[in-house]
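Basis for what follows: all heavy atoms, side chains included, without hydrogens, waters or symmetry-related copies. Here is how names work: the chains are called A, B, and so on, in the same order as the sequence lines, proteins then strands, and each is numbered from 1.
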Amino acid sequence: MTNKDDQKYIAGLLFGDATLTPEECEEKYPPRGVGEGVAITRLGPSPTGFIHLGNLYMAFLNAKLSAQTDGVLILRIEDTDRKREVAGAVEVLISSLAYFGVQFNEGVMYDAQADVISERGSYGPYYQSARGEIYKAFVKRLVEEGKAYPCFLSEAELTEMRSLQEQQKVTPGVYGAWARYRNATAGEVEALLAEKRPYVIRFRADEEDGTYVEAADGIRGTLRMPKNYMDVVILKSDGLPTYHFAHVVDDHLMRTTHVIRGEEWIASLPVHVALFGALGWDVPLYCHSTVLMKIDEESGNKRKLSKRKDPELSLEYYRSTGYHPQAISEYLLTIINSNFEEWRAENPDAPISAFQMSTEKMGISGILFDLEKLQDVSKEVLLRIPAGELAAFLLHWARLYDEDAYRAMSRDEEKLARILDIGRSGDKPRKDLAYAKQMRDFIAYFYDELFEKQDDWPGNAAADAGVLLAGYLETLDLADDRDTWFDKIRQLAVANGYAAKPKDYKKNPEEYKGHVGDVSSVIRIALTGRASSPDLYEIQQILGEEAVRARLAAHI
RNA sequence: GGCCCUGUGGUCAAGAGGUUAAGACACCGCCCUUUCACGGCGGUAACCCGGGUUCAAUUCCCGGCAGGGUCACCA
């Protein structure tokens, strides 16, 4: 067994150059002195340059909880894996989250306008790669106390050990008797160091003894797991901490109250609890959320969203498809707390900040992402947005994703608003606008350059199309009120052998070629290029005399 | 394989020891309507399985099974 003096000596050997002590750190990052119930949360993404809906979900959870308790949401960049780092990832991350309404009030900040990244807050640095001295202070202390030790096992040795363990059918890993450097003497360590052998720092675990650790979880009640007995790596050979260590040190020093993270972390909870214990700190309230899943095409089973396999779930997809950020937020909220929908129905106009979510109400079984539900939520959300704002939103989207549409629609924003508002007023508003791309396609025919002429008439009216349109054109007067206008269509129908009312036709189908609906379908197709559209009268009013006549004439 | 989490309609989900087991989305039908992606009405569809406790279990317990997660010098 390494003795006390050896431990001190090894710590000095390894971290003699430490510039900070644990006590200094505690002093520099004092408790925040916030009241009970205030949530200090944080998001700790690794800058790999890709975020999907699942990440947003997690970010949203953190943001919501801190916001509703007047707490703090910190952005801490967990850039301890240099191999996976992607340039520009932080900018993408922050601006994507900002687009969907997640704002940080402490940590790494990004000013998209000026393209400047900065840090805000007195608990930094907020890049883990810049916190080396802090980690060092605490690792050194752990080594001094014999709670951590340098391990010189090489990658090859580790692999070899693992296959041996597999042969023997024992749990693979560095623990117990397998932890070869656990009790190395100061002399041995010094010699290895002199050889410039690379090493990592491992956290010394207790022996496997069948006891359990428990930790409170805001979502799941109490979590109970077998105690950790693996000597996990806390400092990698490049001197950077692993997630386990960085999480514990950072969340303590940043005075995080709620650690909200995905359930994939439950398995390493015992390590974290042990680490908090070894450092003499209180454990924060963990909230292990379920992860978003989807059906895997290959196996047909559920699986969690993956960066690699699901590019269509990237936030960029939702942005480019033109989902309104508010819609995404509300969808997320409906899966976070199932009483949200009910609340929304009762408070149709309240901002979502007025909704109080609770971690206890969160579900704990895997959630399958449901695009159709998203679309429905989105329709509801868009319905509550005034046409003017909707027009601005559409334009903003088109400017980035559809130049042609932008050129056409931006000429007259007021007209665009009128178009989008068709059928949206009154007690039974149309609930059919879901996202920008669909809106664009939906209203394209209002613009000559986007309009696609079509002459796929309803079967029985095909032969008469030209005649019907010519007749319609003859009596057309945009100044007519709606009833007068439609009466004319009825007359036109009758004059050409069509029933004035669909019911008449149904009664005696053999007496007619069709009914007034067929006639207006012909007009609709000529005018809009499609078989279904909102109210024709309103469409004509917006289209204007000239365009209406031109489109009708084109088929005669 | 070990450990952990989870099993209520296709999806998201309420729910309680005794209920006709909510609701939303989707789906189907009918209606309204000049068309419709709108609206109205109605409908199909669920407690994973087996034991145990109990007068009574979908609900509590145990065991299976299924799905998920995790077992890295990645987070």
Side-chain angles (χ1 to χ4, degrees), chain A residues 44-48 78-81 83-84 128 151 153-155 158 162 166 169-173 198-202 220 223-226 230 232-244 246-247 261-270 288 290-291 293 295 299 301-304 331 334-335 337-339 341-342 344-345 361 363-377 379-380 383 423-424 426-434 438 442 458 486 489-490 493 500-502 515-525 528 530-537:
Chain A
S46 51
T48 54
E78 310 212 333
D79 56 348
T80 55
D81 185 5
K83 293 183 288 275
R84 300 202 309 169
Q128 288 184 332
C151 168
L153 254 16
S154 69
E155 212 172 302
L158 248 16
R162 186 161 299 127
E166 268 160 33
K169 299 212 189 301
V170 297
T171 312
Y199 65 90
V200 300
I201 303 296
R202 285 182 188 275
R220 294 158 191 264
L223 254 19
R224 187 181 138 92
M225 305 273 289
M230 292 279 177
V232 297
V233 173
I234 55 174
L235 213 62
K236 298 183 276 190
S237 58
D238 61 6
L240 289 171
T242 57
Y243 170 85
H244 307 303
H247 147 55
R261 37 143 75 152
E263 65 181 332
E264 68 265 29
W265 290 108
I266 292 178
S268 43
L269 188 63
H288 289 97
T290 49
V291 290
M293 322 249 265
I295 296 289
S299 67
N301 288 329
K302 281 190 193 179
R303 64 167 167 75
K304 75 171 187 175
Y331 171 69
T334 62
I335 56 183
N337 271 187
S338 60
N339 55 325
E341 277 188 281
E342 199 178 311
R344 174 48 89 202
K361 283 210 183 80
I364 42 181
S365 49
I367 302 167
L368 217 45
F369 171 69
D370 186 350
L371 185 67
E372 272 162 347
K373 183 70 180 178
L374 200 210
Q375 293 194 350
D376 182 67
V377 170
K379 287 175 182 174
E380 298 281 1
L383 208 47
R424 298 211 324 151
D427 339 323
K428 287 196 279 179
R430 296 176 68 88
K431 198 185 81 173
D432 51 9
L433 268 23
Q438 174 240 32
F442 197 61
F486 199 68
I489 294 180
R490 288 202 205 276
K501 293 184 175 169
H515 60 78
V516 66
D518 299 308
V519 178
S520 56
S521 280
V522 170
I523 299 169
R524 167 169 288 111
I525 290 167
T528 68
R530 59 193 68 187
S532 69
S533 79
D535 182 63
L536 266 184
Y537 182 78

A.B. asks: Kindly write out the residues that satisfy side chain to side chain contact (heavy atoms under 4.5 Å, CB included) with Pro270(A), not counting sequence neighbours, or none if the list is empty.
C.D. replies: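 Applying side chain to side chain contact (heavy atoms under 4.5 Å, CB included) to Pro270(A) gives Val213(A), Met225(A), Asn228(A).
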A.B. asks: Name all stems that contain residues of RNA chain B, defined as runs of 3 or more consecutive Watson-Crick or G-U wobble pairs, both distances under 3.5 Å.
C.D. replies: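 Runs of three or more consecutive pairs: B:1-7 with B:65-71, B:10-12 with B:23-25, B:27-31 with B:39-43, B:48-52 with B:60-64.
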A.B. asks: Show each protein N/O and nucleotides 73-75 of chain B N/O combination with a separation under 3.5 Å, one pair to a line.
C.D. replies:
{"residue": "C73(B)", "atom": "O2", "partner": "Ser237(A)", "partner atom": "N", "Å": "2.8"}
{"residue": "C73(B)", "atom": "O2", "partner": "Ser237(A)", "partner atom": "OG", "Å": "2.8"}
{"residue": "C73(B)", "atom": "N3", "partner": "Ser237(A)", "partner atom": "OG", "Å": "3.2"}
{"residue": "C74(B)", "atom": "OP2", "partner": "Lys236(A)", "partner atom": "NZ", "Å": "3.1"}
{"residue": "C74(B)", "atom": "O2'", "partner": "Asp81(A)", "partner atom": "OD2", "Å": "3.1"}
{"residue": "C74(B)", "atom": "O2'", "partner": "Arg84(A)", "partner atom": "NH2", "Å": "3.3"}
{"residue": "C74(B)", "atom": "O2", "partner": "Arg84(A)", "partner atom": "NH1", "Å": "3.4"}
{"residue": "A75(B)", "atom": "OP1", "partner": "Thr80(A)", "partner atom": "OG1", "Å": "2.6"}
{"residue": "A75(B)", "atom": "OP1", "partner": "Lys236(A)", "partner atom": "NZ", "Å": "2.7"}
{"residue": "A75(B)", "atom": "OP2", "partner": "Tyr243(A)", "partner atom": "N", "Å": "3.2"}
{"residue": "A75(B)", "atom": "O3'", "partner": "Glu78(A)", "partner atom": "OE1", "Å": "2.6"}

A.B. asks: Arg261(A): which residues meet the salt bridge (Lys or Arg N to Asp or Glu O under 4.0 Å) condition with it, sequence neighbours left out?
C.D. replies: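 Result, salt bridge (Lys or Arg N to Asp or Glu O under 4.0 Å) vs Arg261(A): none returned.
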A.B. asks: Which residues pass the salt bridge (Lys or Arg N to Asp or Glu O under 4.0 Å) test with Arg344(A), not counting sequence neighbours?
C.D. replies: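 Checked Arg344(A) against salt bridge (Lys or Arg N to Asp or Glu O under 4.0 Å); matches are Glu330(A).
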A.B. asks: Mind checking what makes salt bridge (Lys or Arg N to Asp or Glu O under 4.0 Å) contact with Lys431(A), not counting sequence neighbours?
C.D. replies: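 Only Asp376(A), Glu380(A) meet the salt bridge (Lys or Arg N to Asp or Glu O under 4.0 Å) criterion with Lys431(A).
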A.B. asks: Does Ser365(A) have any side chain to side chain contact (heavy atoms under 4.5 Å, CB included) partners at least two apart in sequence or in another chain, and if so, which?
C.D. replies: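 Counting only residues at least two positions away or on another chain, Ser365(A) forms no side chain to side chain contact (heavy atoms under 4.5 Å, CB included).
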A.B. asks: Please compare Ser520(A) and Pro172(A) by the position of their nearest nucleotide in RNA chain B and report the one closer to 5'.
C.D. replies: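 The residue whose closest nucleotide sits nearer the 5' end is Ser520(A).
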A.B. asks: Considering residues at least two apart in sequence or located in another chain, which fulfil the side chain to side chain contact (heavy atoms under 4.5 Å, CB included) criterion with Glu263(A)?
C.D. replies: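 With sequence neighbours excluded, Glu263(A) shows a side chain to side chain contact (heavy atoms under 4.5 Å, CB included) to Arg220(A), Ile266(A), Thr290(A), Val291(A), given in chain and number order.
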A.B. asks: So which protein N/O to nucleotides 62-66 of chain B N/O distances come out below 3.5 Å?
C.D. replies:
none

A.B. asks: Give each protein N/O atom lying under 3.5 Å from an N/O atom of nucleotides 27-33 of chain B, with the pair distance.
C.D. replies:
none

A.B. asks: Over all strands shown, is Met293(A) touching base, sugar-phosphate only, or nothing at heavy-atom distances under 4.0 angstrom?
C.D. replies: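 Since only primed, P, OP1 and OP2 atoms lie under 4.0 Å of Met293(A), the category is sugar-phosphate.
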A.B. asks: Which protein N or O atoms sit under 3.5 Å from an N or O of nucleotides 42-45 of chain B?
C.D. replies:
none

A.B. asks: Restricting both atoms to N or O, compile the protein contacts to nucleotides 5-9 of chain B shorter than 3.5 Å, with distance only.
C.D. replies:
{"residue": "C5(B)", "atom": "O2'", "partner": "Arg220(A)", "partner atom": "NH1", "Å": "2.8"}

